[in-house]
Structures are given as C-alpha cells and as structure tokens.
Amino acid sequence: LAGTRQIRAATAAVAESQFVAANPHSTGPAAGPTMEAVERVRRRLLRFFGADEEEYVLVFTSGATESLRLVGEAFPWSTGSTFAHTRDVHTSVLGVRAHAAAKGAQVVCLGGGDRDGMDERSAGAGANASASASASATLGDLMAPLAGRLAEHASPTTAGRGEASDAHAKGATAGESAGVLVIALAWLRALLALALRGLRLGLGLGLPAASRVGQGTRTCRASEAAGPAPGVAHHLLAFPAESNFDGTRPAANSRPGASLGLSVGTASDDDDSRQEGGFEAVLRAYRDAGRECDTARQDQWWTLVDAAKYAGTSPIDLSTAPADFMVVSFYKIFGFPTGLGALIMRREAATACAPAKDAAYFGGGTLVAALATEHWQRFREEPVSRWSNGTTNFLGIIMANAGLDWIESLGGMAAISAHSMAVASHAAEELMKLRHANGRPVCRVYGHWGASGQQQRAQGPIVTLNVLRPSGQVVGYGEVQRMAGLHQPPIQLRVGCFCNPGACQVALGLTPDDVRKQLEE
C-alpha cells in the first residue's frame, strides 16, 4: 500500500524535475537526462536485490506476467528440453508451458500431488494447529530434476509432445498411461545423462567418483561471446519463492540435497539468513551443477523464481540466492506506480536465450538496424536493450525512486518482513481460536500457521482461510466478501483462487476431473 507522502514525492519527481522527461530512445537535452535517470533507478534496484551489475541485468517490464512471457518466449526450448514447475505456481507461470510445449519440450509438475486437501480431520484441527496441508513443493521436490528423479517426484501436466497431452484430455486411463510413458522416458534419459556426467548422486548405479558439485569450471554455461553450445539440452525449473495462495515457502532444512545423495554445501540450521525462504540452497545447487560439464552430453538446468509475492514483504539477496531468472512487480513492493515490473537475469542466462529471443518478436529499441524489404535485422549487444521491446515506462521508472525511498524510511525490507509476519501471525492465531457454540472451528486456515521449527520458517505473511458454518459447511466466499464490505470501515478481502489453480485445487480437495466436470456442467 503506497503512502500519501510517497505518492506526493513520486509525482513531484516528475512535475518539479529540472528537466523535461522524454523518450530515452531519442537524443538531445531532454532524452539524455531521462536515460540517465532511468539508469540510476536500474542500478539502485539491482543493489536493492543484492545483484552484482557484472553478473545480472535488470529489464523493466509492465509486471511479473510480462517478465514470465519474455522468458517463455526466449528460452532455448527443444525436443530434449524439460519445463518443470511446482504445483503451486501462479497462472502466469503456467503460461510458460505453452511456449515449451510448442517447441516439443516435456512439461512436468513437481510435488504437491500427495496432499489430501480438506477432510474431516483437518476440519476438526486444534486451535493451535493449521487446518490444512499446503500444495507447496518440498526441497526434495525442487532438487529432483537436478538428481534425475523426475519419475519419483513428479506428475505430468502435459507431455508437451502432442499425443500424450491429447490422451490425457480424452480420459483418465489413457491420460495416466501416456503420462507414465513420458515420465519413464524422461527418467531413462536423465539417468543416461547422469551416468555420462559421473556425478556422485548416490543412486546405486556404481558411478565413478566425481569432483564435488561446484568445483568444476564454467564450461557448460554459454559463454558471453556466443550463444548456447550446439547439442545442449536446456531445461527450466520454475517455482515461487512464496506461494501467493497461502504464503508457504519451500520448507527450509540444513541439507536439501542429502536425501538425493547430492554433495552440496549448505548453511547450518541456525543460519536464518540463508533459510528465510528455504530456496536459496536449491538455487546455489543448480548454479554449481551448471558449472559441471561432460563432453558426451551437456544438459543445462536453469532456474526461474517467481518472487512477485515474496519480494513484497521479504528482502532478497541474489548474491546468496543466485536465480538465473527472477520476476517481480513493483506495485507489490511499494504500491506506486502500477504497471511496472522487472525481469532480473544472469548475463549467462540472457546469452543462452539470445538466439531464441532474436527469432521471436522484436520491437523498437532492440535493433541497431533493419530492412523493411528483406528479412534482415541486427540486434543491440547489451541485453537490457535487446530485451526491451519498445519505449520503457520511463515516467513510472523515475517515480519508482520515491517507492524505494519510502521502503528505506520504514527501516528497509527486513523491518517490513518482521512487522508483516507479526501482524499475520497474530491474525492467524486468533482466527484459529474462534469456535462456534458447538465447539466446531469458525475458520479453516491454510498454510503452515500453528506449526513449529522448519515449517514455521516456511510460512510467509498471508492468511488464507474459509469461514465455516456450525455444521462445518463452508460459507461461500461471495457471502463472506459482502459481509466484510458491510463492516465499518469496510474490510478488503481477496476471494477466489488468487490465480493459483494448483494450490487451490489441493486445498479444496478437487481432482482434475472434478474441475473439468464443474466447468462442463
């Protein structure tokens, strides 16, 4: 929520500026200072996220959704690629699979499929216990692709190869058979790749000893000068730093790779700075594995973190959580201006995507030159320009400075995180205490509220709930929203599934057939 003082400062930065803001693609006395102002904000935001300018680039977009579309459009998909995502991703992340499937890539949903959702036992949970399990992935789920265990930790969403996807749509039996076949092929392919790499994965394959993950050289990653090496199969893992449905995060633990036999150094249990979201160690493991190489086959995993929710209430340091791609929306961080976000990516990742990016749509500002009469164009070398189609929202970018000032005046993201967690914790605790006259709970609260230890650290400041009648029946969210609106002052609630169909489906105990049947009827 933007502050009044922040909005006034933001508009004053434009209205009372010493220069007239103009299209930064131009030149002259107005465009030059505008470009300098935009670049100052870009550098400040990189520092805000702990991103080294030598390692990361920040591309301004209209929001997290456009940032995700850019990644899906530019990623070097092939028939040997895999797009793996967790079940609790935002709808905008699910949209990436359309690009992957169109290029013949396999699409896989990780984790979250073994929860039973709501049942009678959860309805009768104690006052100090969370009422429902979460659909968020565990660290084991997230590490499964790196260990080649997709068959054990995944369920297919769409095969991405046509036939299996069609079979799944025609019926449960045919769909399950096609899914099992696709996953089995992926599992065999992954095992072959692992055998060729010789990583020490503890899978009982009698593999020769290999150097510790992370001690190799950067030979598998694409170089700065060239695009991806020929024959490299590029894979993408996408997951939220925090679920926008119920605030859950990948559960923190001291050794995320231990159950998979990965030799990965991690922080201790007491090191909260590295366990805030539980995903930092996973990102480091994928980064380190990317430095390993073999000459027979080169499989490269890249990571895509949807930080739109997490960044709104928690600090992010990309020096310790090295995501290859990260997307954010700034209105979720400081409220104003809206319609402004960013795609933050490692320069290596941008280079690997360059050929596919250039083959896709391009707009003004991305080119050095082009011919209208021939299919010929030359792109700018700098990733920021190469990925920015058209004129950026330069007025919004300049006004974002006031938002960053506002964050600093409140004590920074660490203070905001502590305050928001205190408020949410109190709200969740009091809601779970409420009882009808017959002793039944008034609310069913989702997530890890009421848990302790590692699960407690894996909960962000969102309180998602259903209101229950004395019989245990759920009160429709429309009715709850209307009652909240009648309160004085009115209470603003977000109702529905919050653009997170996977997490909502698990919470409500719905099967895919249930969802399809409801829409058909």
Side-chain angles (χ1 to χ4, degrees), residues 23-25 34-77 96 99 218 220-229 232 234 236 238 283 286-287 290 300-307 316 318-319 321-330 340-370 377-394 397 400:
N23 188 337
H25 287 168
T34 302
M35 175 60 78
E36 293 173 3
V38 168
E39 291 307 309
R40 282 195 298 271
V41 177
R42 193 192 313 274
R43 290 192 294 270
R44 187 178 182 185
L45 284 167
L46 284 170
R47 293 193 299 271
F48 181 77
F49 292 116
D52 186 344
E53 287 186 64
E54 296 298 316
E55 187 177 6
Y56 283 92
V57 294
L58 185 149
V59 177
F60 287 111
T61 65
S62 63
T65 295
E66 186 194 357
S67 300
L68 290 164
R69 182 189 60 78
L70 282 174
V71 175
E73 182 179 78
F75 194 79
W77 306 109
V96 174
H99 292 284
R218 287 178 179 263
C220 274
R221 296 280 195 180
S223 68
E224 286 294 317
V232 174
H234 292 273
L236 184 63
L283 294 174
Y286 275 85
R287 176 199 60 190
Q300 178 62 60
W301 276 96
W302 304 87
T303 53
L304 167 60
V305 177
D306 177 5
I316 292 177
L318 287 172
S319 68
D324 294 312
F325 304 94
M326 186 179 81
V327 302
V328 293
S329 289
F330 291 122
L340 184 66
L343 166 60
I344 305 171
M345 54 185 167
R346 292 168 62 91
R347 290 184 178 272
E348 289 176 303
T351 300
C353 293
K357 174 68 178 69
D358 294 350
Y361 175 85
F362 58 84
T366 63
L367 303 175
V368 175
Q377 58 274 335
R378 286 291 180 268
F379 291 88
R380 297 184 182 276
E381 291 297 325
E382 173 56 38
V384 167
S385 299
R386 203 166 186 165
W387 285 69
S388 301
N389 293 313
T391 304
T392 57
N393 181 6
F394 55 90
I397 294 168

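For His234 and Trp302, the side-chain atoms include at least one donor-acceptor pair closer than 3.5 Å.
With contacts defined as side-chain heavy-atom distances shorter than 4.5 Å, the pair Phe60/Val38 qualifies. Two residues are said to be in side-chain contact when any heavy atoms from C-beta on lie closer than 4.5 Å; Ile316 and Met326 meet this criterion. Contact check for Pro24 versus Thr392: side-chain heavy atoms found under the 4.5 Å cut-off. In this structure, Met345 and Val71 have side chains that are not in contact, with every pair of non-hydrogen atoms separated by 4.5 Å or more.
Using a 4.0 Å cut-off between charged nitrogen and carboxylate oxygen, Lys357 and Glu73 do not count as a salt-bridge pair. A salt bridge does not link Glu382 with Arg380: none of the charged nitrogens is closer than 4.0 Å to a carboxylate oxygen.
In this structure Ser62 satisfies the side-chain hydrogen bond (donor to acceptor under 3.5 Å, both in side chains) test together with Glu66, sequence neighbours excluded. Among residues two or more places apart in sequence or in another chain, the side-chain hydrogen bond (donor to acceptor under 3.5 Å, both in side chains) test is passed with Ser329 by none. Partners of Glu36 under the salt bridge (charged side-chain N to carboxylate O under 4.0 Å, His left out) rule, at least two apart in sequence or in another chain, do not exist in this structure. With sequence neighbours excluded, the residues satisfying salt bridge (charged side-chain N to carboxylate O under 4.0 Å, His left out) with Asp358 are Arg386. Remark: Gln377 engages no residue in a side-chain hydrogen bond (donor to acceptor under 3.5 Å, both in side chains) (not counting sequence neighbours).
The two residues Pro322 and Tyr56 make their nearest non-hydrogen contact at CA-OH, 3.3 Å. Closest non-hydrogen pair, Ala323 versus Leu318, comes out as N-CD2, 4.1 Å. Closest approach of Pro76 to Ala352, counting heavy atoms only: CG-O, 3.7 Å. Between Ala356 and Ala74 the shortest heavy-atom distance is CB-O, 3.0 Å. Scanning all heavy atoms of the two residues, the minimum distance from Val96 to Gly72 falls at CG1-CA, 3.9 Å.
One finds the NE2 atom of His99 at 12.0 Å from the CG atom of Leu236 (value rounded to the nearest 0.5 Å). Atom OG1 of Thr303 is separated from atom CZ of Arg346 by 8.0 Å, given to the nearest 0.5 angstrom. Interatomic distance, Thr366 OG1 to Trp387 CH2, rounded to the nearest 0.5 Å: 12.0 Å. Atom CG in Leu343 sits 11.0 Å away from atom CZ in Arg69 (nearest 0.5 Å). If you take OG1 on Thr61 and CG on Asn389, they are separated by 11.5 Å, rounding to the nearest 0.5 Å.
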Please report the C-alpha distance between Val384 and Arg42 in whole Å, then the side-chain angles of each, then the deciding distance to 0.1 Å, and finally whether the side chain to side chain contact (heavy atoms under 4.5 Å, CB included) criterion is met. CA-CA 10 Å; Val384 167; Arg42 193 192 313 274; 3.3 Å; yes
Given the rule in the side chain to side chain contact (heavy atoms under 4.5 Å, CB included) test, do Val328 and Phe49 qualify, once you have shown the distances and angles that lead to the verdict? CA-CA 11 Å; Val328 293; Phe49 292 116; 4.2 Å; yes
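Counting only residues at least two apart or in different chains, ring-ring contact (aromatic ring centres under 6.0 Å, His included) contacts with residues 340-368 comprise Phe362-Phe379.
Here the rule is side-chain contact (heavy atoms from CB on, under 4.5 Å) with Val327, and of Thr65, Leu70, Leu304, Ile344 only Leu304 fits it.
Side chain of Arg347 to backbone of Glu53: a donor-acceptor contact under 3.5 angstrom is found.
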